[in-house]
There are 2 protein chains.
Amino acid sequence: MRLVIARCSVTYEGRLTAYLPSAIRLLMVKADGCVAVHADGGAYKPLNWMNAPNHLEESDGSWVVTNTKGERLEIEIEEVLHEFDHSMGLDPGLQKDGVEAHLQVLLAERPEEIEAGLRLIRREYPTDIGPVDLLCEDGEGNTVAVEIKRNGGIDGVEQLARYVERLDRDPRLQPVRGIFVAQSITPQAKTLAESRAVGCVEVDYDALRGIESSVPTLF
Amino acid sequence: MRLVIARCSVTYEGRLTAYLPSAIRLLMVKADGCVAVHADGGAYKPLNWMNAPNHLEESDGSWVVTNTKGERLEIEIEEVLHEFDHSMGLDPGLQKDGVEAHLQVLLAERPEEIEAGLRLIRREYPTDIGPVDLLCEDGEGNTVAVEIKRNGGIDGVEQLARYVERLDRDPRLQPVRGIFVAQSITPQAKTLAESRAVGCVEVDYDALRGIESSVPTLF
DNA sequence: AGGTGTATGTCGCAT
DNA sequence: ATGCGACGTACACCT
């Protein structure tokens, strides 16, 4: 990784056009060739960047980075204040645990936490517009499609409504109803769910996790 | 901005749990206090991070970053290979051109580029579920709601369909139809648009821009 | 503070 | 490659 602190101005032309007036910034060039221009603030997102693969042409006082999509990043370097290069080797990568996928596993094991009498038919049940998180059967033998989100918004309700509409055309499944399950559901989403005849259930991830504390975690 | 290259392992506990085994990485601490852990590859996104505001507690061989939301980033530092600090001053910030907002302005000036005879009633016409990009009237005096996207996907069609449904309840406006406008529209979105009786128009941003070349650009 | 919509989103997975 | 959904999305804007 190459790190350069320099006074520079930057122009990007590609998916949009953007211009960065002269100031002191960090230029970061990673081993894969990607280039990022960082200011000294504003979270982790750089002001400007060009992902790999690209081509970096370095001439006196200017870097020009281009890629095959016709995007172009030009950095005019007025003054280099510090420069450093260090090889790092491959990164072993990140191990994650605990997002929507885990919530889905927990609820697949205990569908009765969603609604009494609910029984799992299949997880990730495929339809021609994408997989339904859980396909279940209720106490009366009717099909129930379950969409699981961490944060329940309007989008999730629409997504579920599309699945239900699709599944309900299958004579082996119909009638099909939907239940929208999330840790929290916005009032707007609840309103939309009502008008789409979709049920809403809020679940407590930590409590569910507590129930199945016997299962070993990732690490 | 403080830059440290170190062999370290990292644990994050917060919205999820994540673990990063020992390797050489770049630790970046910006003036606003945000911390990022970068590997030497993989676009601009850090492996792990903690945005400002936070609290960084630095002890021998370990950094603990916490925030008020109960998130916690712990960096175990085994070996520091390089360290550097440089003040940069405030950044003048980025000037952008060519995002959805600009496309909306261009089309508001020339609605006939969307459909012959189309006339603008209002930009950002408010409804109780959000603003419609353009509200227009067609050659026959019927109301047309226009949703503009750079990249047209299913979501945009759904969004427009919601607006049309809402607007069509207003006796002063009905009947209302929708036109989905984007630089490119996915086949799935076109199919969905058809089943929602929504029109689709693909526009060329550069061409539109050329038409109004008299208007001065941002820079 | 919370909800909604945008993003040069990025990233991963399936087609 | 492209489409599609998830993301510790971040971020601006508005209520």
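Each chain gets a letter, A, B and so on, in the order the sequences are listed, and its residues count up from 1. Because only heavy atoms are used, hydrogens play no part in the values below, and waters and symmetry mates are left out as well, while side chains stay in. Every value quoted in this text rests on a predicted model; they were computed, and no experiment measured them.
The shortest distance between the side-chain N/O atoms of B:Gln159 and the OP1/OP2 oxygens of C:dT4 is not below 4.0 Å. Taking only side-chain nitrogens and oxygens, B:Arg15 comes nearer than 4.0 Å to OP1 or OP2 of D:dA10. B:Asn48 has no side-chain polar atom (N or O) that falls below the 4.0 Å cut-off from OP1 or OP2 of D:dG8.
The side chain of A:Ile154 approaches C:dT4 more closely than any other nucleotide in the set D:dA10, C:dT4, C:dT8. Comparing C:dT6, D:dC11, C:dG5 by their nearest atom to the side chain of B:Arg162 picks out C:dG5. Side-chain proximity of B:Tyr163 to the nucleotides C:dT8, C:dG5, C:dT6 is greatest for C:dG5. Distances were taken from every side-chain heavy atom of A:Thr186 (C-beta onward) to each of D:dG3, C:dT10, C:dT4; the shortest belongs to C:dT4. Closest to the side chain of A:Ala43, out of D:dG8, C:dT10, D:dC11, is D:dC11. In the set C:dT8, D:dC11, D:dA6, C:dT8 carries the atom at the smallest distance from any side-chain atom of A:Glu71.
One N or O on the side chain of B:Gln174 and one on the backbone of B:Asp168 form a donor-acceptor pair closer than 3.5 Å. For the pair A:Lys30 (side chain) and B:Ala39 (backbone), a donor-acceptor distance under 3.5 Å is present.
Checking A:Pro187 against A:Lys45, the closest nucleotide of DNA chain C that is more toward the 5' end is the one next to A:Pro187. Take the nearest nucleotide of DNA chain D for A:Asn151 and for A:Asp133: the residue whose nucleotide is more 5' is A:Asp133. For A:Ile148 and A:Gly42, each mapped to the nucleotide of DNA chain D holding its nearest heavy atom, the one lying further toward the 5' end belongs to A:Ile148.
With sequence neighbours excluded, the residues satisfying salt bridge (charged side-chain N to carboxylate O under 4.0 Å, His left out) with B:Asp170 are B:Arg172.
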Report, one line per pair, each donor and acceptor closer than 3.5 Å where one atom sits in a side chain of residues 42-54 of chain A; sequence neighbours left out.
from	atom 1	to	atom 2	distance (Å)
A:Asn54	ND2	A:Gly33	O	3.1
A:Asn54	ND2	A:Met50	O	3.3
A:Asn54	ND2	A:Asn51	O	3.1

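Taking atom NZ on A:Lys190 and atom C1' on C:dT4, their separation rounds to 17 Å, with Å as the unit. When rounded to the nearest whole Å, the span between CD of A:Gln183 and P of D:dA6 equals 15 Å. Atoms NZ (A:Lys149) and P (C:dG3) sit 16 Å apart, rounded to a whole Å.
Residues B:Leu26 and B:Ile5 approach most closely at CD1-CG1, 4.1 Å, considering heavy atoms.
B:Glu147 comes within 4.0 angstrom of the backbone, heavy atoms only, and of no base. Among the protein residues, B:Tyr12 comes within range of the nucleic acid bases, having at least one heavy atom under 4.0 Å from a base atom.
With both ends at atom C1', the span from D:dC7 to C:dA7 equals 13 Å, rounded to whole Å. With P as the reference atom, C:dT4 and C:dT8 are 22 Å apart, rounded to whole Å.
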